[in-house]
There are 2 protein chains.
Amino acid sequence: MARPRKPLLSRDRIVTTALALIDEEGLAALSTRRLAAELGVSGPSLYNHFATKEAILDAAADTVVGRVDLSMFRDGRDWRGALLAWGRSYRAALTEHPRLVPYLAVGPGLRPAGLRMADAVFGGMVEAGWPPAQATRIGALMRYFVTGSALGSFAAGFVGDAAAYDPADYPHLGQAHLLARHREQVDEGAFETGLRALVDGLALQYAELGAGKDDAQGGAKGAAAE
Amino acid sequence: MARPRKPLLSRDRIVTTALALIDEEGLAALSTRRLAAELGVSGPSLYNHFATKEAILDAAADTVVGRVDLSMFRDGRDWRGALLAWGRSYRAALTEHPRLVPYLAVGPGLRPAGLRMADAVFGGMVEAGWPPAQATRIGALMRYFVTGSALGSFAAGFVGDAAAYDPADYPHLGQAHLLARHREQVDEGAFETGLRALVDGLALQYAELGAGKDDAQGGAKGAAAE
DNA sequence: ACCTGAACACCGTTCAAGT
DNA sequence: ACCTGAACACCGTTCAAGT
């Protein structure tokens with residue numbers, strides 16, 4: 001075939017197909033040869049569009065993170081509402097491609113979309129009155145919680161067979177086998193409970209800011225990005 | 001050589017060496033051939049002790065999770081203190097082998113040590129007066145937060161070069177390049193802030209339990225393991 | 001510029017053969 | 001029982017060759 005008059009591939013088509021393959025068969029199934037076959041080309045063709053397989057994954061990760069809604073940070077008044085809405089949108093974006101999350105959550109991980117997100121969150125919190133050092137921490141801890149919740153199902157960790165939980169070993173897990181059946185409810189319920197607790201707990205710290213009390217966390221002195 | 005009179009390998013030695021290799025060179029560097037070389041044997045020898053490479057990783061994950069302190073759940077009175085102490089021990093265990101966390105955090109992930117942990121947390125929370133459905137959620141949301149925080153550094157996502165943050169694209173990241181220099185402080189500060197917020201926020205919900213108010217989360221009805 | 005097949009140095013795993 | 005080398009079907013990536 002050699003060079004066709006119209007390119008067979010594009011970065012977009014590669015990323016979309018990679019994402020679909022990951023969704024259907026998992027991260028491990030994504031090999032350059034397999035992906036190329038799915039696209040109807042031979043393996044090395046991909047290297048005309050991406051330098052490495054990792055670059056393809058980075059682009060896929062960036063696409064996913066780019067879908068997170070950040071509009072709630074444009075109005076700096078209601079930081080609690082913004083954090084709740086952002087947290088939900090962030091989690092929803094990740095759980096659309098749950099098998100990519102282990103890749104996306106690790107390492108530097110700040111492709112352009114991640115930086116835009118960090119920028120919006122930090123700006124929103126500072127505008128709402130948080131000291132910069134705390135605003136940084138809020139961005140970080142929300143990332144921890146959301147990626148952690150999207151990463152793996154808690155409920156799916158429990159096999160759905162009651163015999164698996166010998167009461168001698170696990171005295172309190174008598175009903176644990178039921179969790180597998182309610183996977184999504186359990187995971188979403190835990191996420192919502194945690195998200196509210198996080199925001200409520202932060203509100204307590206926020207209230208102390210004005211009160212002139214010492215910030216037990218170390219205040220603006222302890223962290224960068226101020 | 002064939003069969004030596006004293007076995008060259010043991011499951012323990014394999015797991016320990018695998019963990020060391022992952023710590024030094026990362027998950028990707030762990031191949032059966034490479035690990036075998038490190039152990040002074042040939043690749044296939046490993047299959048006398050583990051069925052697959054995955055089984056080796058599972059065993060390594062179980063070892064790491066097995067080091068989490070669970071003693072704080074034996075006394076059911078101070079659930080807040082228990083959650084704080086457990087969260088810190090959990091995170092400390094994972095960050096000793098940060099490059100294993102992406103593996104460990106994903107999927108079923110409940111090797112025996114994980115089940116023991118789930119059992120202790122659930123039992124502790126129930127004993128402290130939490131309804132079972134909420135106790136389940138607390139175990140889950142703590143796992144989200146701790147694995148998320150151990151998974152990847154937030155601060156390391158920012159390159160240490162101020163020129164990387166064009167103010168036109170990222171108006172609030174003028175100081176972000178400083179984060180790389182204070183990686184551990186930033187990540188630990190964010191973890192502590194989040195952990196306290198989580199526990200404080202849960203305490204608010206706990207206080208409402210006795211007040212007879214409706215549980216906005218759905219109460220005992222919505223989840224399993226009750 | 002963009003595709004191809006051949007080639008390189010790797011993988012995880014199986015298996016017959018050795019003691 | 002526990003190790004070995006050979007073999008199978010894969011990898012990611014490079015590169016010269018084609019149009």
Side-chain angles (χ1 to χ4, degrees), chain A residues 1-61 99-100 102-104 106-108 111, chain B residues 1-61 99-100 102-104 106-108 111:
Chain A
M1 179 183 301
R3 169 156 131 86
R5 21 178 72 173
K6 208 176 172 295
L8 297 173
L9 295 176
S10 70
R11 287 176 62 96
D12 241 35
R13 221 163 77 71
I14 293 171
V15 167
T16 305
T17 309
L19 227 28
L21 187 52
I22 290 168
D23 287 345
E24 282 158 34
E25 308 190 30
L27 257 183
L30 186 84
S31 73
T32 55
R33 287 166 148 103
R34 179 71 201 282
L35 175 57
E38 215 84 29
L39 288 158
V41 298
S42 82
S45 301
L46 300 172
Y47 290 85
N48 286 297
H49 303 268
F50 288 96
T52 60
K53 176 185 163 180
E54 234 195 332
I56 299 174
L57 283 165
D58 283 344
R99 307 171 98 167
L100 181 64
Y103 180 83
L104 168 156
V106 91
R111 299 98 192 169
Chain B
M1 182 182 302
R3 168 154 129 90
R5 21 176 74 172
K6 208 176 173 294
L8 297 172
L9 295 176
S10 69
R11 287 176 63 96
D12 241 37
R13 221 162 78 72
I14 292 171
V15 168
T16 306
T17 308
L19 227 28
L21 188 52
I22 291 167
D23 288 346
E24 282 158 33
E25 307 190 30
L27 258 183
L30 186 84
S31 73
T32 55
R33 288 166 149 102
R34 179 70 202 283
L35 175 57
E38 214 83 29
L39 287 158
V41 299
S42 82
S45 302
L46 299 172
Y47 290 84
N48 287 297
H49 303 268
F50 288 96
T52 60
K53 176 184 163 179
E54 234 196 332
I56 299 175
L57 282 165
D58 284 343
R99 307 171 97 167
L100 181 64
Y103 180 82
L104 167 156
V106 90
R111 298 98 192 169

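We name chains A, B, ... by the order of the sequence lines, and we start the count at 1 in each one.
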Would you indicate which nucleotide in [options] comes nearest to any side-chain atom of [X]?
X	options	result
B:L8	D:dT4, C:dG12, D:dC3	D:dC3
B:R3	C:dC2, D:dA1, C:dG5	D:dA1
A:P7	D:dT13, C:dC3, D:dC3	C:dC3

Measure [atom1]/[X] against [atom2]/[N] and give the value in whole Å, please.
X	N	atom1	atom2	value
A:R5	C:dC3	CZ	C1'	15 Å
B:Y47	C:dC11	OH	P	12 Å
A:L57	D:dG12	CG	C1'	12 Å
B:L39	D:dC3	CG	P	10 Å
A:K53	D:dC11	NZ	P	9 Å
B:L46	D:dG5	CG	C1'	15 Å
B:F50	C:dT13	CZ	P	13 Å
A:I56	D:dG12	CD1	P	9 Å

Less than 4.5 Å apart, side chain to side chain, heavy atoms only: is that true for A:I14 and A:L46?
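A:I14 vs A:L46: side chains touch.
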Main chain of [Y], side chain of [X]: is a donor-acceptor contact present, judged purely on distance under 3.5 Å?
X	Y	value
B:R99	B:E24	yes
B:R111	B:A60	no
B:S45	B:S42	yes
A:R11	A:F50	no

I'd like a table of atom pairs between the protein and nucleotides 7-10 of chain C - only N or O on both sides, under 3.5 Å - with the distance next to each one.
residue : atom : partner : partner atom : Å
C:dA7   : N6   : A:R33   : NH2          : 3.4

Would you tell me if any nitrogen or oxygen in the side chain of [X] comes within less than 4.0 Å of OP1 or OP2 on [N]?
X	N	result
A:S42	C:dT4	yes
B:T32	C:dT13	no
A:H49	C:dC3	yes

How would you label the contact of B:L30 with the nucleic acid (heavy atoms, under 4.0 Å): base, sugar-phosphate, or nothing?
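B:L30: backbone/sugar contact only, no base atoms under 4.0 Å.
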How about B:D12: does its CG atom have over 12 heavy atoms from other parts shown lying under 6.0 Å from it?
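Atom CG in B:D12 is not packed in, count stays at 12 or less.
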DNA chain C base-pair string [pairs: Watson-Crick or G-U under 3.5 Å; |: paired with another strand]
||.|||||...|||||.||
